[in-house]
Amino acid sequence: MKEIAMTGIGWLQIVVFLAIILALVKPFGIYMHRVFEGDRQPLPRVLGPVERGLNRLTGVDPTKEHTWKQYALAVMAFSLFGVLVTYLLQRLQHVLPLNPQGFGPVEPTSAFNTAVSFTTNTNWQGYSGESTMSYLTQMAGLAWHNFTSAAVGIGVAIAVARGLTRRGGPDGPKTIGNFWVDLNRCIVYVLLPISLAVTLVLVSQGVIQNLAPYKEVTTLEGAKKIIALGPVASQEVIKELGTNGGGFFNANSAHPFENPTPFTNFVELVLIFCIPAAITYTFGRMAKDQKQGWALLGAMVVLFVAGVATAYPAETTPNTALSGLRVDQTVGNMEGKEVRFGIANSALWAVVTTDTSCGAVNSMHDSFNPIGGLVPLANIQLGEVVFGGVGSGLYGMLIFAMLSVFIAGLMVGRTPEYLGKKIEAKEMKLAMLYVLIFPLIILGFAAWGAVASYGVSSLNNAGPHGLSEILYAFSSGAGNNGSAFAGLNANTPFWNVVLAIDMLFGRFFMMIPALAIAGVMVAKKTVPPGPGTFPTNGVLFTVLLVSVIIIVGALTFFPALCLGPVIEHFSAIHGQVF
Amino acid sequence: MSKAKQLSLFDRQILRQAAKDSVRKLAPRHMVKNPVMFVVEIGSVLTTFLWLRDVISAPAGAPPTWFTGAVSLWLWFTVVFANFAEAVAEGRGKAQADTLRKMRTQTVARRLLLAAGEPYRAGAKEERVSAAGLRKGDLVVVEAGELIPGDGEITEGIASVDESAITGESAPVIRESGGDRSAVTGGTKVLSDRIVVRILSNPGETFLDRMIALVEGASRQKTPNEIALHILLVGLTAVFLFACVTLVPLALYSQIVLSPTVIVALLVCLIPTTIGGLLSAIGIAGMDRLIQKNVIAMSGRAVEAAGDVDTLLLDKTGTITLGNRMATEFIPVGGVRVEELADAAQLASLADETPEGRSVVVLAKEKFKLRGRDVTEGKMRFIPFTAQTRMSGCDVGDRQIRKGAVDAVIAHVKALGGAIPTELEGIAHGISDSGATPLAVSDGARLLGVIHLKDIVKGGIKERFDRFRAMGIRTVMITGDNPRTAAAIAREAGVDDFLAEATPEAKMRLIRAEQAKGKLVAMTGDGTNDAPALAQADVGVAMNSGTQAAKEAGNMVDLDSNPTKLLEVVEVGKQLLMTRGNLTTFSIANDVAKYFAILPAMFMAAFPQIAPLNVMALASPQSAILSAVIFNAIIIILLIPLALRGVQYRPLGAAALFRRSMLIYGVGGIIAPFAGIKLVDLVLDALHLV
């Protein structure tokens, strides 16, 4: 078989995608800076009244700011409330309106898993949307979280950035913003307007939007088939924009009603990356040094390019499982991929959706070649900082930046500083907590799932591939990604409950240390940088940051990955598949 | 002290003692202070048990007994090597402490029998007590040939004191009551005269005691940076602990049963044992290096802060310029011949014993071959300098020759009815503007000219300041001179800024202003009026020759009383952090190679297809694991000299410095173990040990 499949047009699409993202960074970054840090928010005539109305309705005093503890408490209270409401909506959907298919109540562990999943911006779906959830549950429960969980993440990122960049010093205020104000502003000025506008674009391309009951049609072969319908377009944009990833349909963005054309595919890809990329610019503005933001973005771009450059070639090699069969594999491994997207756009999507904590899929990662499947898994295990989730990507990256600076500072013989603030024992403790929690839950739960009979019984594949599926599930949960190496039936009580805990820990046990760091850093004196200070706004820092992220991720997960995709890869070379 | 300075890095006696100590330090109560190495010790105990079990009866599937034994042995070595590093560092400190301690013993003090607080009066009775029995406030008498029994200040008398025991400097120094030279240090010897000393510290709190405690590491507390690094290392250890422990069930899924020996071996190789094992040695050695430079830091924190200093305040006199001004030129006025001026200047200076006066004589001799004359020749009457006249000179017959401050000499000449040449003022100003001092010379009512007295900037000081600028440290010169003079000297010495006509208050304001900008300030001082500024500065280095108040206020004392030392203190501080940072990077970078050694070895039996991962082509799985463990242990020993000496410091900007270090310790840290492990493997294989 010839190796031909990587095409110029494939690479061109990837380059154009990256170029568009980079072009969006500055204008969108400035826009978000105005939203969160400006004295006057954009579009005051149109959106101003909406924000003020929301504030009045919820009794928010926009002039009062929160300390990190108050901020964290508000986040937790709001999220807990969200879990509760979503759980109840699912359990009571049979007595609530907008249920034309007459779905019964969702099974308790599945309902719990789903409530946690959407609240934590993970959107792991153990269920199949079109055969489980009523329209009300989808719209009021799940779509609500698509907006709010994204806004929570962005709010926390802005709060953490405030902690690092504010220069009040030990005598200044110890506050890092008001959670409710950030939440409202994020939804009113950022998420809603973009969702509204782009929804219309998607509808024009054939994404459906209705509340009709499912249609029964007769296919050309004369077979009867039920076609699931629903208010898809309105959820589709926020699903990508908020790096949520929870599809209306089980097939997610591979479904033609969610993602009908290569154009919608491209639009959705841009939606996934735009906020995590642009918020680095917002951060640069807040730091009053734009290069600080570019340095972080630089690290993200390097890691993204590395992912694509690995996954795309890997997928253009034929699938060993299909060798010998009468399948034309000249374009590469098309198993589990949509023909309208092809290899390049499927590989690109897989990288984009796992670089961010989006988790929407347009192809089945499970069917990727071992190395192609290793990339999404490794992307998540790097800590969801390669762009990362909306907001969570930035604060995760900032913590890695602090760790990098700590080592670099010692190496140049100076107490380490980031943005002019010294990094001392307390922040290190919190940063290490953040770094620790991730391997703890992923490896801990995966080890449990891999040996427990009730864990392994959900696997469709044996051998290393099955282990990859388990590792992927817990990585996806902890990273709040939500994509799956399908092939694992996760809708069992064990998987529902343990994955829910995985998601909760991965969200809040990482978010709270990040906020605590903001609380410590905001009260620190700012030292002006000098030639003796390690510069964090240049190429050197970007290189260091990339190395630290890779080293921490690789050292932590390499042994486990060895037993999964790595062995699988070497086996495939010998023609052995699992 | 001076002997201790030349301690070789591998002093045999210290090594022998350290070898013993490193085994003693295996006690868990000691090990628990260093969690990274404690984990290794637990691993050693565990593998030892497994080995014993296997020796008695090995269960099926257990790795070969010799293998478990070898791993266990090398794990023990790893712990012992780390302890050895610490013990060597401590041993070197102890050796210095012993030298110091010898000075402390057997001093007998002559205490005056006075009521507490009663001032000294002549004729008071004295008693002989051991120096250890002295309390704060006691008055003691010390005469020529006796040792000063404790730290204190002179309340009566003047004496020349040999302080070589503390400073290593053999020339005696003058100490006298009152003023800034009244402090004396216990253990130093009075060479002449008789003094009364008020003891200012209780036994156990003297300088010597503090120094001994510091070098022995007894009062060593972890510094803030060390604590933060420790947290990072413990965190990494925890991460690897998860990764290794969870690997057992994950491997079990693939029907691979990993023996605890192998898992422990992997864990120990991954956790940062290199830096974990050397961390405390680095800290002790840093302190030790400072003491070798004859600086006592009151805490490790101060040493660390020295590395962070942004602004150095340096006294002009003694630090930037040589203490003495020198005559460099004779400038005649009003048509006077230069030889005549030189002759008069020399006559006026013959009896002037100040360095300035002597430099006039020397200049006259060098430039005009004017020999020194016999002072008894003719009728010469010398007029000494007084603060009132601000002139000195001599009367030869009826010639009144004077030299002194320009305005004073002008007044003197005018009083005698002489005229002042018009160009004088311009010349005097010109000299002032160049950072020098003009001295006018007159003969009777005739003003002959001006001597150019120049402040001589120390050789090499400009280059030193350049180094500091490269490091990002700003230097500020403090001087009592007027701003014009100060500016000229500042330009010549290459300091970044200066504070002219400095008063203690102005100094204090400057420090506060810098600190308000978030900068760390270091300064040196010796006088009592320096004490508040020394206390305010983040790093205050007091001169040992200074007052007790200054020494109490600072957080370091320079025993040599050399203000330039501040620069070296900063370098030691930076070196300390860099050594830690670089070894941490090296330690983590090493893990890459260890993975490639151990992971294929673990899984090769079940999945032979992953053989390509064995990039080092190690002989066998057992040899691969053992090689990694052995390399991991040996690297600690190999890096002990580096930990004790500290990494080489280069005055470069942060970015350049980082690039260099990253190349050596980061990239080098990735490559070195590949070679090292392969080498060990080859040796093991060649010796048929595996």
Side-chain angles (χ1 to χ4, degrees), chain A residues 403 406-416 420 423-425 427-429 432-433 435-436 439-440 443-444 446-448 450-451 456 463-464 466-467 470 525-528 530-535 538 540 544 547 551-552 554-560 562-563 566-567 570-571 573-574 576, chain B residues 224-225 227-229 231-232 234-235 238-240 242-244 246-254 266 270 304 307-308 310 469-473 517-519 573-578 580-582 584-585 588 591 595 599 603 607 609-610 612-613 649 653-655 657-659 661-662 665-666:
Chain A
L403 285 178
F406 182 78
I407 303 228
L410 289 183
M411 286 177 80
V412 299
R414 229 181 124 84
T415 298
I423 299 173
E424 290 159 304
E427 306 77 87
M428 277 310 283
K429 218 178 277 180
M432 284 320 288
L433 194 66
V435 172
L436 265 179
L440 175 69
L443 293 174
W448 182 12
V451 287
V456 187
L467 192 68
I470 295 174
K525 242 194 321 206
T526 309
V527 187
T533 328
F534 180 75
L540 193 61
L544 172 71
S547 326
I551 289 265
V552 169
L555 291 184
T556 314
F557 293 105
F558 190 58
C562 240
L563 286 168
V566 175
I567 284 179
F570 286 112
S571 305
I573 292 175
H574 296 273
Q576 188 187 359
Chain B
N225 239 308
I227 294 171
L229 179 57
I231 291 166
L232 177 78
V234 171
V239 168
F240 290 125
F242 293 149
C244 291
T246 54
L247 198 55
V248 177
L250 288 175
L252 209 57
Y253 167 92
S254 307
L266 177 65
L270 293 182
E304 222 166 58
D308 284 347
D310 303 284
R469 203 163 300 116
M471 286 155 58
I473 296 176
K517 282 187 262 171
K519 299 195 167 171
K574 286 201 176 286
Q575 219 188 7
L576 185 65
L577 292 193
M578 284 170 56
R580 286 192 200 132
N582 289 343
T584 304
T585 305
I588 297 170
D591 283 358
Y595 266 144
L599 288 179
F603 305 138
F607 298 98
Q609 59 267 44
I610 63 161
L613 273 187
Y649 177 75
L657 200 58
F658 176 77
R659 262 196 297 271
S661 302
M662 206 51 176
Y665 297 96

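Atom set for the values below is all heavy atoms of this structure, side chains included, hydrogens, waters and symmetry mates excluded. Just so you know, these numbers come straight off a predicted model, no measurement behind them. Every chain is numbered from 1 and lettered A, B, ... according to where its sequence line falls, protein lines coming before strand lines.
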Could you measure the distance from the [atom1] atom of [X] to the [atom2] atom of [Y]? Nearest 0.5 Å is fine.
X: Leu443(A); Y: Trp448(A); atom1: CG; atom2: CH2; value: 15.0 Å
X: Phe557(A); Y: Thr246(B); atom1: CZ; atom2: OG1; value: 9.0 Å
X: Leu410(A); Y: Phe534(A); atom1: CG; atom2: CZ; value: 12.0 Å
X: Ile610(B); Y: Ile567(A); atom1: CD1; atom2: CD1; value: 5.0 Å

Contact class of [X] relative to chain B, heavy atoms under 4.5 angstrom:
X: Leu544(A); result: side chain
X: Thr526(A); result: backbone
X: Leu433(A); result: neither
X: Phe406(A); result: side chain
X: Thr533(A); result: backbone
X: Met432(A); result: side chain

For chain A, the option from [options] that forms the most heavy-atom pairs under 4.5 Å:
options: Leu266(B), Val248(B), Val234(B), Thr585(B); value: Thr585(B)
options: Ile473(B), Leu576(B), Asn225(B); value: Asn225(B)
options: Leu252(B), Thr584(B), Leu613(B), Leu250(B); value: Leu250(B)
options: Glu304(B), Gln609(B), Lys574(B), Met662(B); value: Gln609(B)
options: Pro224(B), Ala251(B), Ala228(B); value: Ala228(B)

Taking all non-hydrogen atoms of both residues into account, name the closest pair between Cys244(B) and Leu270(B) and its distance.
SG-CD1, 4.0 Å
Correct closest heavy-atom pair for Cys562(A) and Phe603(B) would be CB-CE1, 3.8 Å
So Leu555(A) and Tyr595(B), side-chain contact (heavy atoms from CB on, under 4.5 Å) or not? Walk me through it.
CA-CA 8 Å; Leu555(A) 291 184; Tyr595(B) 266 144; 3.4 Å; yes
With respect to chain B, which residue among [options] yields the maximal number of heavy-atom pairs within a distance under 4.5 Å?
options: Lys429(A), Lys525(A), Glu424(A), Glu427(A); value: Lys429(A)
options: Val527(A), Ile423(A), Val451(A), Leu467(A); value: Leu467(A)
options: Pro464(A), Gly463(A), Pro416(A), Gly444(A); value: Gly463(A)

Which answer fits [X], side chain, backbone, both or neither, if we ask what part of it has an atom under 4.5 Å from a heavy atom of chain A?
X: Ser661(B); result: both
X: Ile588(B); result: both
X: Phe607(B); result: side chain

Below 4.5 Å, heavy atoms only, C-beta onward: do Ile407(A) and Leu232(B) meet side chain to side chain?
yes
Output, in order, the C-alpha distance, side-chain angles, deciding distance and verdict of side-chain contact (heavy atoms from CB on, under 4.5 Å) for Phe242(B) and Leu436(A).
CA-CA 9 Å; Phe242(B) 293 149; Leu436(A) 265 179; 3.7 Å; yes
Apply the test side-chain contact (heavy atoms from CB on, under 4.5 Å) to residues Leu577(B) and Asp308(B): give CA-CA distance (whole Å), side-chain angles for both, the deciding distance (0.1 Å), then the verdict.
CA-CA 10 Å; Leu577(B) 292 193; Asp308(B) 284 347; 4.1 Å; yes
Under the side-chain contact (heavy atoms from CB on, under 4.5 Å) rule, what do Leu599(B) and Val566(A) come out as? Steps first, then yes or no, please.
CA-CA 11 Å; Leu599(B) 288 179; Val566(A) 175; over 6 Å; no
